[in-house]
Amino acid sequence: MADKQFDVLIIGGGPGGYVAAIRAAQLGLSTAVVEKDKLGGICLNWGCIPTKALLKNAEVYNLLKHADQFGFTFDNLKADFSKAVKRSRDTSNRLSKGIEFLFKKNKIEHIPGTAKIAAKGVVEVTQPGKTDRIAAKHIIIATGARPRSFPSIPIDKKRIITSTEAMVLPEVPKRMVIIGAGAIGVEFAYLYSSYGTEVTIVEMMDSLLPIEDREVTKALRRVFEKSGIKVMTETKVESATASDNDVTVTVSNKDGKKELKADIALVAIGVQGNIENLGLEALGVKTDRSFITVDEHYRTNCEGIYAIGDVDGPPWLAHVASAEGIHCVEAIAGKNPHPVDLGNVPGCTYCQPQVASVGMTEEKAREKGYELKIGRYPFRSHGKAIAINETEGFVKLIFDAKYGELLGAHIFGSEATEMIAELVAARTLETTAEQLIQTIHAHPTLTEGVGEAALDAYGEAIHI
Ligand code: FAD
């Protein structure tokens with residue numbers, strides 16, 4: 001006998017699970033979410049949000065350090081990192097409470113505890129001292145992912161740490177080696193180097209942010225190196241060994257082996273799905289490496305069991321988790337939702353200058369055989385950028401020469417992560433270069449760079 005019964009039961013209250021729950025409730029389905037930790041998942045508690053709070057602190061600190069450019073000088077500028085950490089933690093806690101409020105508002109039951117699927121349509125929820133059985137017609141697994149590690153890089157959470165520990169360090173380390181130059185590695189490199197840490201970032205591929213357009217990653221590398229961050233690409237980390245006083249990271253590249261000494265090594269080499277202890281093996285739910293295999297409606301091979309978000313594989317992004325959650329419950333409710341188009345997912349990195357993109361890189365578009373028209377607009381020629389003293393970076397738009405389709409958009413610069421929204425909408429609406437050119441951008445805004453880049457693709461830019 002089940003203790004309770006729901007139409008939809010979601011395991012995990014991250015941006016996949018909690019958004020799916022709200023949409024399910026809106027659609028009239030009785031809904032519960034089992035969460036073993038805090039509502040909001042990694043995103044609100046240990047991912048997107050707390051990092052952005054910390055990065056804002058780094059941005060403010062950098063602005064203050066260069067405030068003389070605006071006519072402000074300080075005799076004794078001090079940075080209290082513990083206050084940055086506190087602000088970040090407060091932000092997360094406030095938002096997690098906000099999800100509790102949204103659950104109440106939408107009559108979603110929040111069941112604290114660890115969930116395991118006991119049988120088709122039955123979930124066991126364990127809390128200290130008791131286990132309940134909950135029945136649900138549809139069970140959605142939204143258990144997320146955790147940082148990946150290797151035996152040769154053993155995480156001790158003191159000297160060899162993950163992003164979670166990196167968000168609450170008691171003090172700013174003198175030297176830090178960051179292993180992996182994806183968005184997380186790059187964001188922490190910017191954060192800690194802003195606070196004075198000597199940062200070395202090591203990446204096996206040939207650039208920072210390997211999935212981004214090469215023109216952007218080269219520009220980012222130049223800015224990082226100028227700011228004092230050491231960048232080692234095409235370099236493999238062989239091992240990391242912690243001692244009481246420091247950590248030794250052994251790396252190898254075409255120049256041979258080298259030992260890097262640091263106070264902290266931050267491991268940011270990707271994630272693995274949280275698929276353990278969910279009862280998946282007994283039910284025969286298909287997985288691929290550590291991720292659950294799903295179809296276009298997020299159904300697993302087992303009827304009535306679905307998976308959304310980080311646990312079903314890349315891209316590991318909060319907005320993808322939410323989009324998948326909404327699609328999944330709309331399909332459950334018998335609607336005919338649009339497919340989640342992974343070709344139109346914005347990718348954002350919140351270092352300064354920021355990196356944001358949607359669609360294909362130039363390299364990818366060429367590899368696919370497109371004939372291209374490419375337009376660029378540098379912020380150094382941009383009135384608003386000059387006025388706000390943010391002249392680093394550019395907008396780069398890639399069009400198919402034949403039909404003017406926007407194949408890819410890449411922005412490197414201040415507010416890039418806000419500006420990209422226009423280009424995501426443009427791609428969703430299948431906007432052509434001509435329509436982008438016709439779009440009137442407010443003056444003065446950084447978004448004028450988008451219009452100018454589109455014009456530049458056709459040799460018609462006005463301000464360069
Ligand atoms: P999660 O957010 O991981 O939530 C899963 C939840 O399930 C957790 O709360 C967990 O406690 C719970 N759970 C797991 N197992 C069980 C169980 N058996 N029973 C009950 N509960 C369970 N993405 C972006 O889009 N933008 C960013 O800027 C960004 N920054 C990031 C920065 C960092 C440092 C990190 C680590 C990640 C970042 N991400 C970012 C990625 C983003 O956080 C994830 O893509 C997103 O959280 C995935 O959502 P999810 O709902 O699939 O899983």
Side-chain angles (χ1 to χ4, degrees), residues 9-21 32-56 88 92 95-96 99 110-118 123-127 131 134 139-148 161-168 178 180 182-188 191 266-280 291-292 294 298 306-326 328 345-351 354-356 417 420:
L9 183 136
I10 300 168
I11 307 177
Y18 86 73
V19 169
V33 173
V34 185
E35 172 54 61
K36 65 176 180 180
D37 198 342
K38 278 185 164 176
L39 288 178
I42 292 296
C43 168
L44 259 59
N45 296 294
W46 295 105
C48 323
I49 296 292
T51 49
K52 268 76 253 181
L54 289 168
L55 288 162
K56 181 67 190 179
S88 162
S92 286
L95 287 169
S96 179
I99 308 295
H110 169 205
I111 306 174
T114 302
K116 180 181 177 174
I117 307 174
V123 170
E124 268 176 15
V125 180
T126 307
Q127 298 177 52
T131 297
I134 320 264
I139 298 168
I140 302 177
I141 303 168
T143 50
R146 60 184 184 276
R148 204 153 64 103
I161 64 172
T162 70
S163 54
T164 304
E165 295 76 49
M167 262 174 254
V168 287
I178 298 179
I184 294 174
V186 161
E187 289 182 357
F188 278 106
L191 169 70
L266 165 59
V267 185
I269 48 173
V271 295
Q272 64 190 84
N274 295 325
I275 57 167
E276 300 83 359
N277 307 317
L278 286 167
L280 302 185
F291 300 102
I292 299 175
V294 289
Y298 305 97
Y306 311 75
I308 57 165
D310 278 8
V311 76
D312 75 16
W316 298 289
L317 291 168
H319 39 287
V320 172
S322 301
E324 291 180 354
I326 289 171
C328 179
V345 172
C348 296
T349 306
Y350 299 75
C351 51
Q354 299 181 342
V355 176
T417 60
I420 200 67

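Read the numbers this way: they start at 1 and go in the same order the structure lists the ligands and their atoms. Scope of the values below: all heavy atoms of this structure, side chains included, with no hydrogens, waters or symmetry mates.
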Check: Y298 main-chain N/O paired with E324 side-chain donor or acceptor under 3.5 Å = no
Near W316, which atoms of ligand 1 are under 4.0 Å from a heavy atom of that residue?
-> 41 (C), 45 (O)
Quick one: pull up CG in N277 and OG1 in T114 and give me the separation to the nearest 0.5 Å.
-> 9.5 Å
Non-hydrogen atoms of A166 and F188 that approach each other most closely = CB-CE2, 3.6 Å
Note: K116, heavy atoms under 4.0 Å from ligand 1, region reported as neither
Starting from atom 53 (O) of ligand 1, locate the nearest protein heavy atom and write down its residue, its atom name and how far away it is, to 0.1 Å.
-> G144 CA, 3.3 Å
Could you tell me whether some N/O pair between V311 and ligand 1 is separated by less than 3.5 angstrom?
-> no
For the pair L39 and S96, evaluate side chain to side chain contact (heavy atoms under 4.5 Å, CB included) and give the outcome as yes or no after the intermediate values.
-> CA-CA 5 Å; L39 288 178; S96 179; 4.2 Å; yes
Under-4.0 Å heavy-atom contact with ligand 1, by part of I11 that carries it | side chain
Taking atom 22 (C) of ligand 1 as the reference point, the nearest protein heavy atom with its distance | K36 CG, 3.7 Å
Could you tell me the separation between the CD1 atom of I141 and the CG atom of L278, rounded to the nearest 0.5 Å?
-> 5.5 Å
With sequence neighbours left out, what residues match C348 under side chain to side chain contact (heavy atoms under 4.5 Å, CB included)?
-> Y350, A356, T417, I420
for atom 25 (O) of ligand 1, nearest protein heavy atom and its distance come out as A318 N, 2.8 Å
Looking only at N/O atoms, are C43 and ligand 1 under 3.5 Å apart anywhere?
-> yes
Of all the atoms in ligand 1, which lie at a distance below 4.0 Å from a heavy atom belonging to D37?
-> 11 (O)
shortest atom 33 (C) of ligand 1-to-protein heavy-atom contact is with G47 CA, 3.4 Å
Between E187 and ligand 1, find which residue part has any heavy-atom pair under 4.0 Å and reply side chain, backbone, both or neither.
-> neither
Nearest neighbour in protein (non-hydrogen) for atom 29 (C) of ligand 1 = C48 SG, 3.3 Å
Verify, without hydrogens or angle tests, whether R148 (side chain) and I269 (backbone) share a donor-acceptor contact under 3.5 angstrom.
-> yes
Looking only at heavy atoms of C348, does any of them come nearer than 4.0 Å to an atom of ligand 1?
-> no
Under 3.5 Å, is there a donor-acceptor pair between the side chain of T126 and the main chain of T131?
-> no
Answer yes or no: does an N/O atom from G16 fall short of 3.5 Å to an N/O atom of ligand 1?
-> yes
Hey, what do you get for CD (E276) to OG1 (T143), rounding to the nearest 0.5 Å?
-> 8.5 Å
Nearest-neighbour protein heavy atom for atom 12 (C) of ligand 1, which is reported as residue plus atom name and distance | E35 OE1, 3.3 Å
Which ligand 1 atoms, with their elements, are less than 4.0 angstrom from a heavy-atom of L278?
-> 18 (N)
Has ligand 1 got any nitrogen or oxygen that is less than 3.5 angstrom from a nitrogen or oxygen of K52?
-> yes
Any heavy atom of V320 under 4.0 Å from ligand 1? The part involved is neither
Which of the atoms in ligand 1, numbered in the order shown and given with their element, are less than 4.0 Å from a heavy-atom of G14?
-> 2 (O), 4 (O), 51 (O)
Y350 heavy atoms within 4.0 Å reach ligand 1 at atoms 28 (O)
Does some non-hydrogen atom of R146 fall short of 4.0 Å from ligand 1?
-> no
Do any N or O atoms from the side chain of H319 and from the backbone of P346 form a donor-acceptor pair under 3.5 angstrom?
-> yes
Counting from 1, what ligand 1 atoms have a heavy atom of G113 closer than 4.0 Å?
-> 19 (N), 20 (C)
Residues I308 and G325: closest non-hydrogen pair is CD1-CA, 3.5 Å
Looking at atom 2 (O) of ligand 1, what's its closest protein heavy atom, distance included?
-> I42 N, 2.9 Å
Does any non-hydrogen side-chain atom of K52 lie less than 4.5 Å from one of L55?
-> yes
N/O separation below 3.5 Å, W46 to ligand 1 | no
Partners of P314 by side chain to side chain contact (heavy atoms under 4.5 Å, CB included), sequence neighbours excluded?
-> W316
How far is atom 52 (O) of ligand 1 from its nearest protein heavy atom, and which residue and atom is that?
-> D310 N, 2.9 Å
Counting distance only, does the side-chain N/O of T349 pair as donor-acceptor with the main-chain N or O of C351 below 3.5 Å?
-> no
Ligand-side contact atoms (ligand 1) for residue partner A142, heavy atom cut-off under 4.0 Å = 5 (C), 6 (C), 7 (O)
Close approach of N274 to ligand 1, heavy atoms, under 4.0 angstrom = no
Near G309 (heavy-atom distance under 4.0 Å), the atoms of ligand 1 are 52 (O)
Measure across A307 and V294 and return the closest heavy-atom pair with its distance rounded to 0.1 Å.
-> O-CG1, 3.5 Å
Min N/O separation A321 to ligand 1 under 3.5 Å | no
Is the side chain of E187 donor-acceptor paired with the backbone N or O of I184 at a distance under 3.5 Å, no angle test?
-> no
Nitrogen or oxygen of T114 less than 3.5 angstrom from that of ligand 1 | no
So how far is it from I117 CD1 to I134 CD1, rounded to the nearest 0.5 Å?
-> 13.0 Å
